[in-house]
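This report concerns only the one structure given below.
No hydrogens, no waters, no symmetry mates; every other heavy atom, side chains included, goes into these values. In what follows, residues are counted from 1 in the order of the sequence shown. Only a predicted model underlies this, so the values are computations on that prediction, with no experimental measurement involved. In each ligand, atom 1 is the first atom listed, and ligand 1 is the first ligand listed.
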Amino acid sequence: MTHSATLPYPSQHPAQYPAEPLAVRPSLTYAGGLPRLLPSYGAVPVDLETHLRSHGRLPYRGRPELITGDVEAAGLTGRGGAAFPTYRKLAAVAGYGRTPVVVGNGAEGEPASNKDKSLLWISPHLVLDGLQLAAEAVGSRTVGLYVHRNPRLHQHLAAAIAQRAHAGIDAARVELIEAPPRFLAGEESALASVTSGGPALPRFKPPRASQRGVADRPTLVQNVETLAHLALIGRYGAAWFRSVGTADEPGSMLTTLHYADGSRNVVEVPLGIPITDLLRLDGQVQAVLAGGYHGTWLPAAQAAQLPLANAALRPLGAAVGAGVLAALPAGRCGVAETARVVRYLALESAGQCGPCFNGLPRMATALGSLAGPRPDPQARADLERWSGLVVGRGACHHPEGTVRLIRSALQVFAGEIDRHARGQCTGSSRQPFLPLPAEPALDEADWR
Ligand SMILES: Cc1cc2nc3c(=O)[nH]c(=O)nc-3n(C[C@H](O)[C@H](O)[C@H](O)COP(=O)(O)O)c2cc1C
Ligand code: SF4
C-alpha cells in the first residue's frame, strides 16, 4: 500500500448506507500500472480538464467496428457480477436490427458494495466516455446512466454531463435515471422497467433486455465499472489491459473490502491477486464472505489459499461477483450475521414469484431460529429442503443468490449451529458486522 485517503462521498442514503465515509486506497502499485480507474493521488473527483489531460480525447470516432474487436482482444468481462464477456453483448445488441438503447448500470443495490458509487463520484468521465463508446459500438444515440438515488451524486454527474455537452465532446446526450434504493433495482430487466417508466421489478427471461428492454428496444446494460474499463481499453489497447490480471481473467477490478476491525475500503486490484494481499486472515478472522449477499462464505483458512479469480472460486461454489470481500472476525456469530442478511434479502423479494415470495421468508425464519438460543430441531433440514424448492423458479436470480449464501453458511458455520443447539454461542458481540440498510421495502411505492 502506498497511499491512503478518505473518500469525500456524498451523504449516503439513510436507508442504504452506513453513515461513515468510506476510505479509498487507490494506489496499490503493480507492474501493469494500477490504479487505472481511480487516480493515484487520492479520492478527489477528477474534473473534465484533468481527465482530458490524463487520457486525451475519446478514441475511435467514426470507427465503431474497432471497439468490439478491441474489447474482445482485451478479454473484458462485466464487472456487475456475472463476468459475462462484454464483446458478446456489444455484438448481440448491435445485431438485433432495431436501434438499441444503452444504459450504464450504477444502481449498486448490494449494501456491502461501494465501488460503483466511488467510481462515479471520483472518475465520472471514464464512465461517461465508456457510455459514449458503447453507444457508438452498437449504433445508438439513446443513452442513459442509471444511478443509485443520492441527490449529491446526481448533481455531481449532471454537472459532469453538462460540462461535456458544453465542450462538445459527446455524440449522444446522456440522460440520468434514478435507481430506487432496492437490492433488485440493478437487475437488468428491473433497470429496463424503471427506465421505461415502470417499477423496479425483474421479469422472466427470455426475452433478455439485450433483445427487448427499454421501450421494447434492444438494450445494452453494462455496469459502470465495465464502461470505465472500456474507455481505457479504447485509449491504451488490449495488451495494456491484459498486462495485469490472469490470462483467463485479465485486467483489474474494484473491490469493496470489509476488514475484521470493522473498517471498509474500495481498492483497485488485479484479478488473480491472493486474497491474503487484501485481507489479513490470521486467527482473528473466522470466515470470508466472497461476492456479497448473493455470495458464499469460505472458512478463513481456505480463503487464505485462494486468489481473487473465478477459476479458483467457482469450483468451490463461490465467485468474484462484483468484488465484495468481508472478513468476519472471531467473536461474531456467523449464523446470526447470515440470518440478518437473509431476513433483509427475503424482504427485498419483489414478491411476484410464489416460490421466492413464500420461500425466502420461511428460510429467513428458520435461519433466525438456528441463530437463536433454542433452535427449532427441524430448521436445518427445512432449510435444505426449501433451498431445492426455490432455486430456478423465479423471474430473477434472487432466490439462487440467497440460497447460495444460506447453503454456504450451513456448511461453514455447522459447528456454530451445533453449539447453539447446546445452548452455547461463540459470538461475544451481537453488534451487527455486515452493513444493511436501515429500512427494508415497506410497500409497493418503495419499488419506484
Ligand atoms: C438481483 C440482481 C441484482 C443486480 N444488481 C446489479 C447492480 O446493482 N449493478 C449492476 O451493474 N449489475 C447488477 N446486476 C447484474 C445486471 O443484471 C447485469 O447483468 C449487469 O448490469 C450487466 O453489466 P456487466 O455485464 O457490465 O456486468 C444484478 C443482477 C441481479 C440478478
Ligand atoms: S424471483 Fe423473487 S425477487 Fe426475483 S422477480 Fe421473482 S419474486 Fe421478485
Side-chain angles (χ1 to χ4, degrees), residues 16 71 76-90 92-93 102-117 119-120 127 130-131 134 144-149 179-195 199-205 208-210 213 219-230 251 253-254 256 291-295 319-324 344-361 363 389-405 441 447:
Q16 189 75 4
V71 169
L76 175 65
T77 55
R79 300 303 197 238
F84 191 80
T86 304
Y87 83 91
R88 281 176 54 192
K89 280 197 348 198
L90 292 171
V93 170
V102 175
V103 186
N105 191 349
E108 200 167 41
E110 158 76 61
S113 181
N114 233 315
K115 58 115 181 162
D116 290 338
K117 295 167 208 84
L119 176 67
L120 285 164
V127 176
L131 262 178
L145 181 54
Y146 182 68
V147 180
H148 185 82
R149 189 180 293 164
R182 303 261 66 92
F183 190 84
L184 297 171
E187 194 274 343
E188 63 178 22
S189 61
L191 171 155
S193 172
V194 173
T195 309
L201 296 178
R203 69 162 190 222
F204 279 94
K205 290 107 194 148
R208 300 203 66 89
S210 55
T219 301
L220 178 73
V221 180
Q222 297 287 179
N223 173 258
V224 288
E225 183 191 339
T226 314
L227 293 167
H229 286 295
L230 171 51
M253 74 178 295
L254 296 174
T256 310
Y293 295 165
H294 274 181
V320 170
V324 172
Y344 158 75
L345 293 174
L347 287 165
E348 288 292 302
S349 159
Q352 356 178 65
C353 318
C356 176
F357 182 53
N358 296 314
L360 296 192
M363 296 179 83
L389 295 176
V390 302
V391 163
R393 303 194 46 210
C396 76
H397 292 305
H398 189 49
E400 282 82 338
T402 308
V403 162
R404 189 179 308 122
L405 179 72
W447 296 96

* Partner of Val224 under side-chain contact (heavy atoms from CB on, under 4.5 Å), chosen from Asn105, Leu145, Val147, Leu254 -> Leu145

Between ligand 1 and [X], is the shortest N or O to N or O distance under 3.5 Å?
X	result
Gly80	yes
Thr226	yes
Cys396	no

As an exercise, identify every atom of ligand 2 less than 4.0 angstrom from a heavy atom of [X].
X	value
Ser349	2 (Fe), 3 (S), 7 (S)
Gly394	1 (S)
Ala395	1 (S), 5 (S), 6 (Fe)
Pro202	5 (S)
Pro399	1 (S)

Find out whether [X] and [Y] are in side-chain contact, i.e. whether some heavy atom of one side chain is under 4.5 Å from a heavy atom of the other.
X	Y	answer
Val102	Thr219	no
Arg182	Glu348	yes
His294	Leu405	no
Lys115	Asn223	yes
Gln352	Pro202	yes

* Taking the inter-plane angle between the rings of Tyr344 and Phe183 on a 0 to 90° scale, is it parallel (under 30°), tilted (30 to 60°) or perpendicular (over 60°)? -> perpendicular

Of all the atoms in ligand 1, which lie at a distance below 4.0 Å from a heavy atom belonging to [X]?
X	value
Arg79	26 (O), 27 (O)
Val221	21 (O), 22 (C), 23 (O)
Gly78	24 (P), 25 (O), 26 (O), 27 (O)

Quick test: of every protein heavy atom, which one is nearest to [atom], and how far off is it to 0.1 Å?
atom	result
atom 8 (Fe) of ligand 2	Ala350 CB, 2.9 Å
atom 1 (C) of ligand 1	Leu184 CD2, 3.5 Å
atom 18 (C) of ligand 1	Glu188 OE1, 4.0 Å
atom 22 (C) of ligand 1	Lys89 NZ, 3.2 Å
atom 4 (Fe) of ligand 2	Cys396 SG, 2.3 Å
atom 6 (Fe) of ligand 2	Cys353 SG, 2.2 Å
atom 8 (O) of ligand 1	Glu108 N, 3.1 Å
atom 23 (O) of ligand 1	Asn223 N, 3.0 Å
atom 12 (N) of ligand 1	Asn105 ND2, 3.3 Å
atom 30 (C) of ligand 1	Glu187 CG, 3.6 Å
atom 7 (C) of ligand 1	Gly186 CA, 3.6 Å

* Asked: Nearest non-hydrogen atom to atom 5 (S) of ligand 2 belongs to which of His398, Arg182, Gln352, Arg203?
  ->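 Closest candidate by heavy-atom distance is Gln352.
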
* Is it true that His398 lies under 4.0 Å from ligand 1, counting heavy atoms only? ->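 The answer is no: ligand 1 sits nowhere under 4.0 Å from a heavy atom of His398.
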
* Return yes when Gly109 approaches ligand 1 closer than 4.0 angstrom through a heavy atom, no otherwise. =>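 It does, in that a heavy atom of Gly109 comes within the 4.0 Å cut-off of ligand 1.
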
Quick one: pull up [atom1] in [X] and [atom2] in [Y] and give me the separation to the nearest 0.5 Å.
X	Y	atom1	atom2	result
Leu389	Cys356	CG	SG	13.0 Å
Gln222	Lys89	CD	NZ	4.0 Å
Asp116	Glu110	CG	CD	11.0 Å

* Asked: Would Arg203 and Glu188 pass as an ion pair if we require N to O under 4.0 Å?
  -> no

So, [X] side chain and [Y] main chain: donor-acceptor pair closer than 3.5 Å or not?
X	Y	value
Arg149	Pro181	no
Thr77	Pro85	no
Ser210	Leu220	no

* Return yes when at least one N/O/S atom of Cys356 is nearer than 2.8 Å to atom 4 (Fe) of ligand 2, and no when none is. => no

* Asked: Just by distance, with hydrogens left out, do Arg88 and Thr86 show a side-chain donor and acceptor under 3.5 Å apart?
  ->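 Judged by distance alone, the side chains do not pair up.
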
* Do we see a donor-acceptor contact under 3.5 Å between the side chains of Thr402 and Glu400? -> no

* With heavy atoms only and a cut-off of under 4.0 Å, state how Leu184 meets ligand 2: side chain, backbone, both or neither. =>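 Side chain only.
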
